[in-house]
Amino acid sequence: MELMPASFFQQPALTLAQNLLGCELIKETEEGTASGYIVETEVYIGAVDKAAHSYNYKRTKRTEVMFGEAGHAYTYVMHTHCLVNVVAGEQGEPEAILIRAVEPVRGIDLMYKRRGDKKEKELTSGPGKLTKALGIVKNDYGHPYGEPPLYIAKGFTPEHISTGPRIGIDNSEEARDFPWRFWVTGNRFVSR
DNA sequence: AGACCGATACGCT
DNA sequence: GCGTATCGGTCTA
């Protein structure tokens, strides 16, 4: 396994979001190890993006980690689910990349146990589903992706990448049309 | 397509 | 303290 170096995260968010596609996201817990290839991402850029929690450089306890170094985990809870992001951008620029879907790789039995689903596609085909399948929790907030128990490794190189508007941000005025969602074309675990 | 679930954070009183 | 909105998921029709 080849971990992504810290320098990997030092690239513009819009290119990082595409280069994260195909990378393996891994989480180790007491229950075991589970991982998946990232197949869908979304970019959030606080400086210009009304859909971002950090819009207009809004600095709170929750958004704080996005102002720091790239390559750390930004987790938050919405409704009953935990969602996971990769912090991007220079220090002081609050940017993040939401992981919206992964393709199961390791610990698939563990994922079924955690999700309790029959259909494989339902294991990880959404931002809330994949965190539950992999065992990612709010407490992973701030963790650097270069070391256990939560890290990112080299996976596969996608043949083709698609792009389009992001999901679930209809109240964000013009930002809702930004084509800042990226996915591996044709991959069946993409959320929609 | 719509209702419900219900954890948090934030902004206001 | 309290009301409100939320980068979803799941169940019921």
Side-chain angles (χ1 to χ4, degrees), chain A residues 13-14 16-18 20-21 25 27 34 36 38-68 70 72-89 93-104 110-143 145 150 152 161-184 187-192:
Chain A
L14 285 165
L16 178 59
Q18 295 170 74
L20 277 169
L21 295 174
L25 177 66
K27 175 70 192 278
I38 296 168
V39 297
E40 182 179 355
T41 57
E42 280 181 3
V43 174
Y44 291 86
I45 297 180
V48 295
D49 181 6
K50 286 181 182 167
H53 295 152
S54 55
Y55 175 59
N56 202 21
Y57 296 91
K58 187 167 73 169
R59 196 162 192 150
T60 67
K61 185 176 173 66
R62 183 171 66 158
T63 64
E64 184 63 34
V65 72
M66 286 191 274
F67 288 83
H72 289 238
Y74 168 42
T75 56
Y76 68 94
V77 176
M78 72 104 33
H79 293 275
T80 54
H81 310 286
C82 178
L83 275 60
V84 66
N85 300 57
V86 178
V87 172
E93 291 297 324
E95 306 175 2
I97 295 160
L98 171 66
I99 310 297
R100 281 196 59 89
V102 305
E103 174 179 335
L110 181 54
M111 295 191 212
Y112 276 110
K113 182 181 159 196
R114 285 168 170 160
R115 296 276 296 125
D117 283 316
K118 297 263 168 79
K119 285 172 283 200
E120 186 187 22
K121 183 184 185 291
E122 298 305 315
L123 288 178
T124 56
S125 57
K129 298 177 189 176
L130 74 92
T131 55
K132 188 169 182 190
L134 297 183
I136 294 170
V137 293
K138 194 191 80 162
N139 199 42
D140 290 313
Y141 183 93
H143 179 83
Y145 279 110
L150 177 62
I152 293 175
I161 293 172
S162 298
T163 184
R166 294 169 292 176
I167 304 293
I169 55 161
D170 290 346
N171 284 340
S172 300
E173 302 172 43
E174 80 281 355
R176 65 187 223 157
D177 298 322
F178 296 173
W180 287 357
R181 182 166 74 108
F182 302 95
W183 67 93
V184 176
N187 187 282
R188 70 193 187 99
F189 290 95
V190 172
S191 64
R192 62 178 87 167

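Note that these values count all heavy atoms, side chains included, but never hydrogens, waters or copies made by symmetry. Just so we're on the same page: letters track the sequence lines, and every chain starts at 1.
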Separation of dT10(C) atom P from K118(A) atom NZ, nearest Å, is 14 Å
Item checked: Charged N-O contact under 4.0 Å between E42(A) and R166(A) -> no
Here the distance between atom C1' of dC7(C) and atom CD1 of I136(A), to the nearest Å, is 16 Å
Here the gap from K27(A) atom NZ to T131(A) atom OG1, rounded to the nearest 0.5 Å, amounts to 10.0 Å
* May I ask you to say what K129(A) touches in the nucleic acid, namely base, sugar-phosphate or nothing, with a heavy-atom cut-off under 4.0 Å? => sugar-phosphate
Any strand, both distances under 3.5 Å, Watson-Crick or G-U wobble: dC7(C) pairs with none
Discussion item. Mind checking if K50(A) touches a base, just sugar-phosphate, or nothing, with heavy atoms under 4.0 Å?
Written reply: nothing
When rounded to whole Å, the CZ to C1' distance for the pair F182(A) and dC7(C) reads 15 Å
Of the listed dG9(C), dC10(B), dC7(C), the closest approach to the H81(A) side chain comes from dG9(C)
Ranking K138(A) and H79(A) by the position along DNA chain B of their nearest nucleotide, the one closer to 5' is H79(A)
**Message:** Just to be sure I understand the rule, does R115(A) reach a base, reach only the sugar-phosphate, or reach nothing, if contact means heavy atoms closer than 4.0 Å?
**Reply:** sugar-phosphate
**Q.** NZ/K121(A): more than 12 non-hydrogen atoms of other groups inside 6.0 Å
**A.** yes
Of all heavy-atom pairs linking A88(A) and I97(A), the shortest is CB-CD1, 4.1 Å
**Message:** Side-chain N or O of N171(A) versus OP1/OP2 of dT6(C): is the shortest distance under 4.0 Å?
**Reply:** yes
Taking dG9(C), dC7(C), dA9(B) as options, the one with an atom nearest any side-chain atom of L83(A) is dC7(C)
According to a cutoff of under 5.5 Å between the ring centres and under 30° between the ring planes, does Y76(A) stack with the base of dT8(B)? no
Rounded to whole Å, the NZ-P distance (K121(A) to dG9(C)) equals 11 Å
Whether Y57(A) and F67(A) hold their rings parallel, tilted or perpendicular, with breakpoints at 30° and 60°: tilted
Whole-Å distance, E40(A) CD to dG8(C) C1', equals 13 Å
Whichever of M78(A) and K58(A) has the more 5' nearest nucleotide on DNA chain B, that residue is M78(A)
Between CZ of R62(A) and P of dT8(B) the distance, given in whole Å, is 12 Å
*Are R166(A) and dG8(C) close enough that a side-chain N or O sits under 4.0 Å from OP1 or OP2?*
no
H53(A) NE2 to dT8(B) C1', in whole Å, measures 11 Å
(Q) Below the 4.0 Å mark, does dG8(C) have OP1 or OP2 next to a side-chain nitrogen or oxygen of R100(A)? (A) yes
From the candidates dC7(C), dC5(B), dT10(C), the one with an atom nearest any side-chain atom of T80(A) is dC5(B)
Rounded to whole Å, CD of E173(A) lies from C1' of dA5(C) at a distance of 15 Å
For Y44(A) and I169(A) the tightest heavy-atom approach is OH-CG2, 3.9 Å
Which of dC7(C), dG9(C), dT6(C) is nearest the side chain of L98(A)? It is dC7(C)
